[in-house]
Amino acid sequence: MAIGRFLLMSGLSFFGLVGHVLAQPVPGLPDPLQRASGGRVTTVAEWQQVRRPELIELFTSQVYGRSPGKPAAMTFRVFDTDKKALGGKATRRQVAIYINGKTDGPRIDVLLYIPNHVRGPVPAIVGLNFWGNHSINADPGIRIATSYLEKSRNNPYVNLDCVVDNRATEACRGINARQWPLDSILGHGYALVTAYREDIASDVPATRFSTGVHTAYPDWQNRPDNFGTIAAWAWGLSRLMDYLQTDRAIDVKRVAVFGWSRLGKAALWAGATDERFAAVLSNESGAGGATLFRRGQGEFIRRLCTVFPHWYSTSFRQYMDKEAQLPFDQHEVIALLAPRPVYIASAEQDKGADPIGEFESAKAASAVYRLFGREGLPATTLPPLNSSVQGSIGYHMRTGEHDVTALDWRYFLQFLDKHLVKK
Ligand code: GCU
């Protein structure tokens, strides 16, 4: 039988086989169960009381920075409810979060779609969006984002011709709907909850730390463990969760946090720092997200800290060109989610995110899941392209480029259906 035909019949792509060969344990990877003070964690209690806080502090002080927590003066205002949104399929709700309680201060607009065909309270998927709430669906009822909006040409994901003077216009509605399959999400019985990254913190190097949450904490930038934009986004996700705790349509015990790319980096950190999130979906979060720095593949710390000087804390810069000597690696961020379910998704052509590194990272995090008596990632070698493995940690590598596709969502929803079962 011709080899190509054999591979096709057995469901293995050529890359799938190559992948098996390429995916190798990464030498020198820190053991997440090894305590800084010496000794190895052997019980769940030791993990929870000693090692977990130790790792949170390590990543806070060395990578992401220290975030302020829930502002005492923060308020919510529900400014829209439409029970017959999307042709009657969903209830749309929009809420303004006033970070310091002042209606002329920094504001995060939250958009919720709650499925109408199921009895609540319903589980939810919370995720930040790249181009404004209005971009995820053409629904004319969505408030158009008022924060800064980039106007890049030839953006492979969205057409930003609708942007005028770096603000969204009516023509920007639904420009990114392709990446947000609302029908499937609602069809599986989940509410979708989203907010715009720029409402929370500036993603533009020139205006970094001068909008959103950073304006409420100006002094916090004068320290080496200043909270960067990734931490600010994670902080914002926790504020969305604060709101959800007040909304009776949502089952707050079954809320998953989702993010793609830089917003996937933020989703992982949100899940690590906020145990109210019951599950995490990381789509191609790559360097400073799910992948391992130590493999020395894809994007390096130097690039993260110079092209995106606002993403991480100042202290992270000391590790530029020192990937091999890091006192931590990103599998330990995944491990901080244990025993909660987490799905790591990669794309074959997304070389910057080092897909194999994401797989190896998920594998290495499994040690902590095993401590909890869970399997973690049920694979030691890469699964065939476009197929999914799902234990408490899920993983797939799909064909194609850096993106969010229907296949990614199909596996995310399948994974959540398995894990977020009502108790
Ligand atoms: C850049 C960056 C990545 C990031 C990506 C994105 O490519 O280098 O780290 O994940 O942007 O957010 O789209």
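Counting starts at 1 for both ligands and their atoms, following the listed order.
F79 carries R143 over the face of its six-membered ring, with the cationic atom under 6.0 Å from the centre and within 45° of the normal. Both tests hold for R223 against W220: distance to the six-membered ring centre under 6.0 Å, angle to the ring axis within 45°.
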Decide yes or no on salt bridge (charged side-chain N to carboxylate O under 4.0 Å, His left out) for D139 and R173, but give the supporting numbers first. CA-CA 7 Å; D139 179 351; R173 293 191 182 279; over 6 Å; no
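Contact detail for D350 and P355: the closest heavy-atom pair is O-CD, 3.3 Å.
Contact annotation: for W260 versus ligand 1, there are no heavy atoms closer than 4.0 Å. The proximity of W311 to ligand 1, defined as any non-hydrogen pair under 4.0 Å, is limited to the side chain.
Contact atoms of ligand 1 toward F308: 1 (C), 2 (C), 8 (O) (distance under 4.0 Å to a heavy atom of the residue).
Between W235 and Y217, the angle of the ring planes goes over 60°, which puts this pair in the perpendicular group of the 30/60° scheme.
Residue nearest to atom 3 (C) of ligand 1, selected from R303, E284, E299, R262: E299 (by heavy-atom distance).
Nearest to atom 6 (C) of ligand 1 among the protein's heavy atoms is S261 OG, 2.5 Å.
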